[in-house]
Amino acid sequence: MIDKTKLRQIIFDDDTPAGRRFDILLTVAIAVSLLILFVESMSNLPSWLKLTLGILEGVLTVLFTAEYIARLYCAESRRRYALSGWGIIDLLAVLPPYLTFFFPGARYMLILRSIRFIRIFRIFRLFVFLNEGELLLKAIGRSIHKIAVYFLFVLVLVICLGTLMFILESGQPDSAFKDIGTSIYWAITTLSTVGYGDITPVTPIGRLLSSFIMLLGYTLIAVPGGIVTASFINTTNEPVRDGRCPRCDSKVRKNDKFCSQCGEKL
């Protein structure tokens with residue numbers, strides 16, 4: 001019987017040599033899996049290469065399945081891990097190859113081809129092995145409510161601006177603003193400074209409003225970055241809690257002035 005405590009230290013704790021080796025192995029496996037996914041998406045691959053990629057993907061699928069089962073087995077709370085964000089991502093990374101068994105009919109081949117690309121979710125797991133990535137995710141998590149309110153404000157703004165542009169432009173014979181939905185689409189592309197150019201105003205007042213929205217877009221784009229940056233700074237400046245570094249979350253001793261792993265001042 002495998003010792004749960006020892007297995008938990010290897011899988012969930014990167015402070016030990018065995019834990020670091022496990023993380024490195026898993027990171028390499030994820031990178032190889034993503035490389036296989038990108039190559040498989042290319043057309044006109046030779047049959048021998050398709051077979052080789054299929055075998056490698058099968059081996060990796062077994063590896064990720066074993067890793068997911070091991071995480072469930074040794075987790076302090078299996079339910080909490082399974083329902084956590086990383087637990088769901090781990091499951092999404094494992095499921096697609098097995099889902100193909102439920103679609104044996106030839107008419108479902110296009111669906112199978114799409115399901116296989118869900119494996120791209122494995123890329124999110126790379127953040128687990130990056131201290132800065134964990135720190136950034138914490139900062140985003142703490143500012144998510146502010147970002148949600150800001151997103152709601154922008155959504156209301158583009159609806160109002162799109163409707164206003166529809167009122168100004170819809171009566172013109174050469175106008176592309178034929179309905180409010182199209183006008184809102186134009187407002188989104190203009191406010192985000194993308195500007196595809198497929199829809200343009202034809203009246204002088206419409207062009208004036210369009211210029212104002214373009215300038216407004218530059219100011220609005222900077223807001224989410226400022227919110228996350230402020231939260232990021234607050235996260236990195238947190239005092240040490242529960243004997244762990246606020247930057248990399250490594251264990252530190254009570255009288256340490258700097259983290260032995262990342263060098264962060266404590």
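Predicted model, so just to flag it, every value in this text is computed and none were measured. Numbers here are sequence positions counted from 1.
For the atom pair Ser183 OG and Leu164 CG, the distance stands at 10.0 Å (nearest 0.5 Å). Here the straight-line distance linking atom CZ of Arg78 with atom OH of Tyr73 works out to 7.5 Å at 0.5 Å rounding. In this structure, CD1 on Ile88 lies 7.0 Å from OG on Ser84, to the nearest 0.5 angstrom. Expressed to the nearest 0.5 Å, how far CD1 of Ile36 lies from CG of Leu56 amounts to 4.5 Å. Ile10 contributes atom CD1, which lies 12.0 Å from atom CZ of Arg8 (distance to the nearest 0.5 angstrom). Here the CD1 atom belonging to Ile184 is positioned 12.0 Å from the OG1 atom belonging to Thr189, to the nearest 0.5 angstrom.
In plain terms, the two heavy atoms of Leu63 and Ala29 that are nearest each other are CD2-CB, 3.8 Å. Listed here is the closest heavy atom pair of Glu57 and Ser33: OE1-OG, 3.9 Å.
Using bins of under 30°, 30° to 60° and over 60° for the plane-to-plane angle, the ring pair Tyr81/Tyr68 lands in the tilted bin.
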Working note: Phe177 + Ile167, criterion side chain to side chain contact (heavy atoms under 4.5 Å, CB included); need CA distance, chi angles, decisive distance, verdict. CA-CA 9 Å; Phe177 295 85; Ile167 294 173; over 6 Å; no
Go through the steps for Val149 and His145 under the test side chain to side chain contact (heavy atoms under 4.5 Å, CB included), then give the verdict. CA-CA 6 Å; Val149 172; His145 296 292; 5.7 Å; no
Could you go step by step and tell me if Val39 and Leu45 meet the side chain to side chain contact (heavy atoms under 4.5 Å, CB included) rule? CA-CA 9 Å; Val39 175; Leu45 291 177; 4.2 Å; yes
Stepwise, does the side chain to side chain contact (heavy atoms under 4.5 Å, CB included) test hold for Asp179 with Thr182? CA-CA 6 Å; Asp179 55 73; Thr182 302; 2.9 Å; yes
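By the criterion of side-chain heavy atoms lying less than 4.5 angstrom apart, applied directly or through intervening Ile, Leu, Val, Met, Phe, Trp or Tyr residues, Val202 is not grouped with Met165; the two fall into different hydrophobic clusters. Linking Ile, Leu, Val, Met, Phe, Trp and Tyr whenever their side-chain heavy atoms come within less than 4.5 Å puts Leu91 and Leu26 in one cluster. Note on Leu25: it does not cluster hydrophobically with Val94, by side-chain heavy-atom contacts below 4.5 Å among ILVMFWY residues. No chain of hydrophobic side-chain contacts below 4.5 Å, direct or via other Ile, Leu, Val, Met, Phe, Trp or Tyr residues, connects Val62 to Val59. Criterion: ILVMFWY side-chain heavy atoms under 4.5 Å apart, direct or through other members. Under it, Leu49 and Ile55 are not part of a common hydrophobic cluster.
With a 4.5 Å cut-off on side-chain heavy atoms, Leu157 and Leu191 count as touching. Using a 4.5 Å heavy-atom threshold, the side chains of Leu7 and Phe22 count as separate. Considering only heavy atoms from C-beta on, Leu161 stays 4.5 Å or farther from Trp186 through its side chain. Counting only heavy atoms from C-beta outward, the side chains of Phe153 and Leu220 approach each other to under 4.5 Å.
Looking at Gln9 and Thr5, their side chains never bring a donor and an acceptor atom within 3.5 Å of each other.
Listed by first and then second residue, the side chain to side chain donor-acceptor pair (under 3.5 Å) pairs involving residues 148-177 are Glu169-Thr203 (not counting sequence neighbours).
For Ile205, the CD1 atom is loosely surrounded, since the number of other residues' heavy atoms within 6.0 Å does not exceed 12.
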For residues 207-219, which side-chain donor-acceptor pairs fall under 3.5 Å, sequence neighbours excluded?
| unit_1 | atom_1 | unit_2 | atom_2 | d |
| --- | --- | --- | --- | --- |
| Arg207 | NE | Pro201 | O | 3.4 |
| Ser211 | OG | Arg207 | O | 3.0 |
| Thr219 | OG1 | Leu216 | O | 2.6 |

